[in-house]
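This one's a predicted model, so the numbers in the text were calculated from it and none came from an experiment.
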Amino acid sequence: MIYEPSTQAVVFFFLFVAITLGLSFYLGSKAKSSQGYFTAHGQIPWFVNGIAFAGDYLSAASFLGICGMIAFYGYDGFLYSIGYLAGWIVALFVIAEPMKRLGRFTFADALDAKFESRGIKLAAGISTLAVSVFYLIPQMVGAGVLVQPLLGFPHWVGVVLVGVTVILIVVSAGMVSTTWVQFLKGSLLVLFSAILTWMIIERGFEVKAGGEDGYEFQTLGPVSSGAEFSALPALKGTTPIPPEGPWADTNFRRFRNNETGIVSVWSEAEIAPGQLVLREAQSLTKTTDGKTLVNGQVKGTKKGEAELHPVGNVTKLPGGESRTGKLGFLSFFSTLQNSEVVLWGNQKITDADGTTTTVYYQKPTAGSQVLRPGEHPTFSGIRSTKLLDKLNFLSLMLALFCGTASLPHILIRYYTVKDAAAARKSTIVGIGSIGFFYVLTLYMGLGAMTSGSMDVTNSNMAAPLLARSMNEWLFAAISAIAFTTVLGTVSGLILASAGAVTHDLVTHAFGVELNDGEKVRVAKITSVFVGAIAIVLGIVFKEMNVSYLVGWAFSVAASANLPALVMLLFWKGTTRQGIIAAVVVGMTSSLGWILLSADTYTKVYGLPAGDALVPFSQPGIVTIPLGFLTLIVVSLMTQPKTVAE
């Protein structure tokens with residue numbers, strides 16, 4: 001799709017950024033000490049901190065990635081929501097109060113409360129950096145995605161814009177401004193998502209043959225096998241292109257218009273024995289001489305020129321109705337279950353001369369299938385008969401469940417309230433806000449699936465484009481809030497990284513004496529460097545769904561941090577050496593597994609998936625138990641000797 005800047009969206013965007021920066025500079029004057037910079041002096045009210053938890057947690061992955069995954073595949077995206085929310089049970093019952101009692105500034109404080117060990121500070125500080133940087137990637141990818149329709153800038157410009165803005169926020173005020181930005185962002189995101197959901201329910205479903213631009217996708221046939229498709233009225237004046245080379249093993253059929261020379265692509269499907277239909281597809285071709293063709297024509301740069309058509313439509317409703325009108329919150333699902341929608345798949349084909357064509361093809365799908373798990377490749381293991389597929393699914397869900405209580409930017413928020421009771425209350429408020437939002441993601445994702453507004457090339461834009469199909473001002477508000485969501489989450493992650501470097505690594509692990517002002521200065525310098533790294537990685541990983549990237553970040557966090565934290569709290573035999581070994585082994589094994597996985601090979605390195613060195617992509621089911629096992633074994637081997645009386 002071609003994105004043209006929206007005046008309303010630009011106004012909202014710069015208004016939100018201006019308010020955010022203004023708040024940061026104002027509150028910056030109140031956070032001169034290191035305690036104020038890192039923990040806001042522990043004076044944040046528990047309710048504000050609870051909403052700020054939601055602001056921290058409801059990241060670009062939660063809003064953009066989950067909604068996009070639901071919009072393109074159905075229920076499966078909601079499994080991420082369930083996993084993210086379930087993780088808060090661990091945070092509430094296991095982590096919240098002990099974290100507040102054991103530490104002052106960082107996650108490493110809690111691990112090192114008993115031991116005063118430089119090794120623990122070093123290992124935990126590096127782990128915090130690794131997890132934070134990994135979690136930063138999907139936030140920056142989401143930022144680039146949002147800026148394209150908002151301002152009409154390329155993806156990389158959006159990433160740089162977010163990086164620079166966040167660095168200014170963190171450098172100016174630290175935790176004080178970050179908390180209040182998160183509070184405002186979390187409140188507005190939940191509020192406007194609820195408004196969007198209400199509008200989806202009010203609009204209901206309508207039978208359409210295409211997207212909101214008025215273009216209707218054709219389905220030709222049925223015809224008997226062996227019939228000449230070019231004889232069909234819609235294809236008269238075209239010549240079929242023989243399915244040679246890489247096209248021979250596909251179900252795609254190409255036809256060249258005899259007058260214009262434009263090539264159209266159709267997908268062939270058998271609907272009954274001997275009965276075939278052709279469904280109109282969309283194609284994006286990149287030639288070796290640098291040209292980009294959309295549906296056989298040179299890609300345009302502004303509306304009215306060649307572009308991929310928006311997708312997402314209902315083809316059948318219960319009782320043969322053409323429109324439902326207003327629905328209830330439960331009848332929304334029952335109606336969809338008995339309907340038929342069109343999902344879109346894609347397949348990349350590379351010709352001998354290096355020309356690559358990505359074909360986007362229609363997949364008419366029963367609503368009952370949309371509402372069942374296992375349609376997304378990540379979750380196919382639910383119904384797969386292959387053991388490795390099942391392990392990959394279980395591994396992801398384990399990481400989501402265990403990762404929440406291990407994320408550094410979540411853990412440090414427990415130090416911004418005055419006592420353990422306030423930490424517990426904050427967690428409860430956060431769970432309520434986050435749970436309500438995740439219920440809304442199911443409505444927003446399915447609403448986008450049937451809105452006719454989706455960009456077939458970009459699942460991350462499903463929710464903002466859904467809002468645009470409703471109202472331009474709503475699109476402006478939702479996009480600006482989503483952008484602020486990225487700002488808030490990235491701020492928290494960079495602040496956690498800065499605290500780890502300053503407090504854990506420089507001051508304690510390396511033994512550098514710093515006064516209060518110097519600690520703040522080092523933290524600000526670190527923020528600039530981490531922000532720069534995040535910008536680069538956000539550009540490199542731009543093709544990947546942000547929810548998928550977050551799943552990896554959760555795996556690293558759960559593998560590196562959770563075993564040490566849980567065993568420290570519940571096993572008296574935990575030793576200094578055991579904690580260090582668990583953190584190092586969990587972090588390196590999970591990172592190594594991810595970097596050697598099939599998904600990284602194909603989407604980052606550009607190598608065949610078959611060359612991957614690990615059997616499945618999600619490491620948690622192996623690396624989380626490995627962290628626990630490492631800690632137990634090393635702790636048993638390093639128990640302090642008792643002196644005989």
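More than 12 non-hydrogen atoms from other residues, nucleotides or ligands lie less than 6.0 angstrom from CH2 of W344.
Residues F529 and V501 have side chains not in contact (no heavy-atom distance under 4.5 Å, counting atoms from C-beta outward). Contact of the I44 side chain with the W180 side chain is registered, since non-hydrogen atoms from C-beta on lie closer than 4.5 Å. Residues T526 and V506 have side chains not in contact (no heavy-atom distance under 4.5 Å, counting atoms from C-beta outward). The shortest distance between side-chain heavy atoms of T507 and V522 does not fall below 4.5 Å. H503 is listed as a side-chain neighbour of D109, based on a closest heavy-atom distance under 4.5 Å. Side chains of P464 and L64 form a contact here, defined as non-hydrogen atoms less than 4.5 Å apart.
The line from OG of S132 to CD1 of I137 is 11.5 Å long, rounded to the nearest 0.5 Å. Distance check, rounded to the nearest 0.5 Å: SG of C402 to CD1 of I624 gives 4.5 Å. Rounding to the nearest 0.5 Å gives a distance of 10.5 Å between CG of L407 and OG1 of T128. Note that CG of L188 and CD1 of I481 are 5.0 Å apart. Values are rounded to the nearest 0.5 Å. Taken from CD1 in I594 to OG in S559, the straight-line distance is 8.0 Å, to the nearest 0.5 Å. For the atom pair CH2 (W198) and CG (L440), the distance works out to 14.5 Å, reported to the nearest 0.5 Å.
Annotation: side chain to side chain contact (heavy atoms under 4.5 Å, CB included) contacts of S555 (sequence neighbours excluded): A399, Q618, P619. A search for side-chain hydrogen bond (donor to acceptor under 3.5 Å, both in side chains) contacts involving S127 returns N561, not counting sequence neighbours. The side chain to side chain contact (heavy atoms under 4.5 Å, CB included) search around M470 returns L196, M199, I200, R203, L466, L474, not counting sequence neighbours. Under the ring-ring contact (aromatic ring centres under 6.0 Å, His included) criterion, F53 pairs with W88, Y414, not counting sequence neighbours. Applying the side-chain hydrogen bond (donor to acceptor under 3.5 Å, both in side chains) rule to S406 yields no partners; only residues at least two apart in sequence or on another chain are considered. Taking F437 as the reference, nothing meets the ring-ring contact (aromatic ring centres under 6.0 Å, His included) condition, with sequence neighbours excluded. Evaluation of the side chain to side chain contact (heavy atoms under 4.5 Å, CB included) rule for Y75 yields F78, L79, I82, P373 as partners, not counting sequence neighbours. Under the rule for a side-chain hydrogen bond (donor to acceptor under 3.5 Å, both in side chains), T450 has no partner lying at least two apart in sequence or in another chain. Partners of E518 by side chain to side chain contact (heavy atoms under 4.5 Å, CB included), not counting sequence neighbours, listed by chain and number: L514, N515, R521. Checked against side-chain hydrogen bond (donor to acceptor under 3.5 Å, both in side chains), E202 has the following partners two or more places apart in sequence or in another chain: K326. Not a single ring-ring contact (aromatic ring centres under 6.0 Å, His included) links W46 to another residue, sequence neighbours left out.
For the residue pair I51 and S433, the shortest heavy atom distance occurs at CD1-OG, 3.3 Å. Across every non-hydrogen atom of A423 and V417, the tightest pair is N-CG2, 3.7 Å. Of all non-hydrogen atoms in G620 and L398, the two that sit nearest each other are O-CD2, 3.9 Å. The heavy-atom pair separating A71 from M454 by the smallest distance is CB-SD, 3.4 Å. Minimum heavy-atom separation, S527 to I167: O-CG1, 4.0 Å. The two residues G403 and A557 have their closest heavy-atom pair at O-CB, 4.2 Å.
Side-chain atoms of S590 come within 3.5 Å of backbone atoms of M587 as a donor-acceptor pair (strictly under, hydrogens ignored). Using modelled atom types, no side-chain atom of S459 and backbone atom of M69 make a donor-acceptor pair closer than 3.5 Å. Between the side chain of T502 and the backbone N or O of A523, at least one donor-acceptor pair lies under 3.5 Å.
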Go through it in stages, so that I can follow the logic: the residues are Y73 and L343, the test is side-chain contact (heavy atoms from CB on, under 4.5 Å), and I'd like the CA-CA distance, side-chain angles, deciding distance and then a yes or no. CA-CA 7 Å; Y73 294 95; L343 302 183; 5.9 Å; no
Run the side-chain contact (heavy atoms from CB on, under 4.5 Å) check on M140 and I535 step by step: do they pass? CA-CA 7 Å; M140 303 304 283; I535 289 170; 3.9 Å; yes
Apply the test side-chain contact (heavy atoms from CB on, under 4.5 Å) to residues M444 and T197: give CA-CA distance (whole Å), side-chain angles for both, the deciding distance (0.1 Å), then the verdict. CA-CA 6 Å; M444 290 188 288; T197 298; 3.8 Å; yes
What do the steps show when you test L129 against L505 for side-chain contact (heavy atoms from CB on, under 4.5 Å), and what is the final call? CA-CA 10 Å; L129 274 175; L505 299 181; 4.0 Å; yes
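In this structure, a donor-acceptor pair under 3.5 Å is present between the side chains of S81 and T441.
For residues 439-474, the pairs satisfying ring-ring contact (aromatic ring centres under 6.0 Å, His included) are F12-W473, F329-Y443, F332-Y443, F333-Y443, with sequence neighbours left out.
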